[in-house]
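We count ligands from 1, going down the list as the structure has it; atoms in each ligand are counted the same way.
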Amino acid sequence: MSDESTSFANNLLSQMTLDEKIGQLHQYFSWGNFDPEVVRKGKAGSVINASGALSGQGFSGSGSAQISNHIQQLAMESRLKIPQILGRDVIHGYRTIFPIPLAQSAAFDISLAEQAASIAAKEASADGVKWTFAPMLDIARDPRWGRVAEGNGEDPYLGSQLAAAVIKGFQGTDYSAADRIVACAKHYVGYGSAEGGRDYDNGEISELTLRDIYLPPFHSAVKAGVGTLMSAFLDLNGVPATANRKLLTDVLRGEWGFDGFVVSDWDSVVELINHGVAENESEAAELAFHAGVDMEMVSRTYPNTLAFNLQNGKISLEEIDEGVRRILRIKHRAGLFANPFTDLARSSRDILTPNSRALARKFAQDTIVLLKNKDNILPLKNHCKVLVGGYFIHATAELFGTWTPDGNPADVQPFSTAFSENAPRDFELHFADNTDLALAIAQESDLVILTLGENPRRSGENSNVSDLSLPPGQAEFVDQMIALGKPVIMVIFAGRPLAIGRQVSQADAVLYAWHPGIEGAAAIADIIFGRVSPSARLPITFPRATGQVPIYYNHKNSGRPVSPDGPFRTRYVDLPASPLFPFGFGLTYTNFDYAKIALSSESLRNQLRVSADITNTGQTAGVEVVQLYVRDLVGSVTRPIRELKNYQKIFLKPGESRRVSFIITEEDLAFTHLDGSFSVEPGKFEVWIAPDSSSGINATFRI
Ligand code: BGC
């Protein structure tokens, strides 16, 4: 590599002492006693949690921007004036909190995801944060795992699309711009496969599944120019991800040509001792550094032992130089050497603007999935007396979801206010949570809207559940409400798919709102009262019961495929094998008809066009997410029964019809073979144009 940033890094490297080099490889965090000398003496390349971690620790200036600038000032007092890259978790918004990433995926809209990330970048950079630990690209097939909330669901195609979009949103085309930040694709790799859904537990993923399901979003991130990657906590196939040289170096750098830097996860280097692959800190440092982890987050094995490892010939000076070079290169590309400071005037101008809030509302509207709508009860039409009850009517921070260190609950309009403000005036609304009072008011009402679901603390890092039902007590409360015989509309908040089969059968309508962010309550009102028509689709399969997990749409056929009839099939005796709701599912306020699928040719040479007529057969306008799936019917290794390959979101007026076309290329159909090669195999394929992963109209072609 001989770009300007590499030359800059090389020049700087030639002036650095060994101590200064090792300093760059360390990311510093202090629990409450920040030591300015660490930065001033060049003993850290990055400070994590730049603002919040230091607030109230005797620094001048009250806001985060002042603290960031203070740290950079310390860096400017170091011998070589190497700026810090200040890192923070800006996961789904900084102060303007957008829906959780899993919800964002439900919008099937990469443009919204990109815009939200660019707002997050603008806000975070205003406070001097130049590096976010996002996006999380872990495919998750097990919703017991709490971090399913932070990712894009189960599909590698959707996950790869969103990876590229969010990285573009954070980084722009040039992340030296003042309002852009460096992204970090995490957690590389396989973290979502933790056994039993227990965060940090180990995973086993076959080489074929790793290549075709778990790696693609990361490959997409690298192709999109992501500046950094984070290694995962878990032990994957017997090798902790933080010590996996094959993945961190051979695949990431050798095969994909990544030239940014890799940061470990929090303490994950020293945790190699717990994993039982290192006896002590110096072995842990040697393993991680040699594997390709350039910067160590928080734990101190690099500063404590890298010099010793060098002396003993366990690692070479060239390796150290290469790690430092990668970090300096990204700092240079980020414009930090030109100006490490943030303009203090920016935070009041750039954070939480009306435009950001408007986007948060639009994004929330487009992520809420309508799962049931009996007799078109929604949108509410007849003005009537309504009880709005349940567990979230006063929620503020609870609407944010997991990982929002900079969200401020005071910015959130609770459901009770948002509803009163956005409902047509002649609806008579009463609010009461989950008490007897709620039941008494319901008795007197024409209709009940029930808010149910999970507090955000039940999902996110290390918040796993063994039971996907509604949290304790809620099902019983619903039963009492249902017994009153009133129509019930449920709005469910969650960081994961919940097993809500019973409640869905009880309800007249169900809206799955995830954790919708700062404007979530207003967005829900927009949908309930029909100002907006729902259009979101499930980015992950919904199980009927916890025991069905793992369950995902792109599974293999087996020798005895799933079938409702007959024994000796892939099934349960106590449950249907099918999910409660399939991947890609979601209703609208109208109906769409799919007809006349046609192919440009019966055989694919380079590419092929597949088209169908989509017609809005209902009474209202609506947005349909038209999905393209394929199946490779015979392969040298078994192939998924369906794979999403593309989608289009189209708006149709009542009665309007549109011919929707997709191009399929050979590359779309390629997969990994037993010898590790990646290509398409000739043979027969099935293709669907579909409203979800379990229906649609189909045709076949050959290669
Ligand atoms: C999480 C990462 C996060 C890091 C820094 C870790 O515990 O696994 O996702 O970026 O902390 O806050």
For this session: On the 0 to 90° scale, with breaks at 30° and 60°, tag the His187-Phe233 ring pair as parallel, tilted or perpendicular.
Result: parallel
Exercise. For the residue pair Phe34 and Tyr28, does the interplanar ring angle fall in the parallel (under 30°), tilted (30 to 60°) or perpendicular (over 60°) class?
Worked result: tilted
Pairing of [X] and [Y] as salt bridge, 4.0 angstrom limit:
X      : Y      : value
Asp174 : Arg180 : no
Glu255 : Arg211 : yes
Glu77  : Arg40  : yes

Exercise. Are the side chain of Asn309 and the backbone N or O of Ile315 linked by a donor-acceptor pair below 3.5 Å?
Worked result: no
Between the protein and ligand 1, which nitrogen or oxygen pairs come in under 3.5 Å, and how far apart is each?
from     : atom 1 : to     : atom 2 : distance (Å)
ligand 1 : 7 (O)  : Glu461 : OE1    : 2.9
ligand 1 : 7 (O)  : Glu461 : OE2    : 2.9
ligand 1 : 8 (O)  : Arg147 : NH1    : 2.7
ligand 1 : 8 (O)  : Asp265 : OD1    : 3.3
ligand 1 : 8 (O)  : Asp265 : OD2    : 2.6
ligand 1 : 9 (O)  : Arg147 : NH2    : 2.8
ligand 1 : 9 (O)  : Lys186 : NZ     : 2.8
ligand 1 : 9 (O)  : His187 : NE2    : 2.7
ligand 1 : 10 (O) : Asp89  : OD1    : 2.6
ligand 1 : 10 (O) : Lys186 : NZ     : 3.1
ligand 1 : 12 (O) : Asp89  : OD2    : 2.5

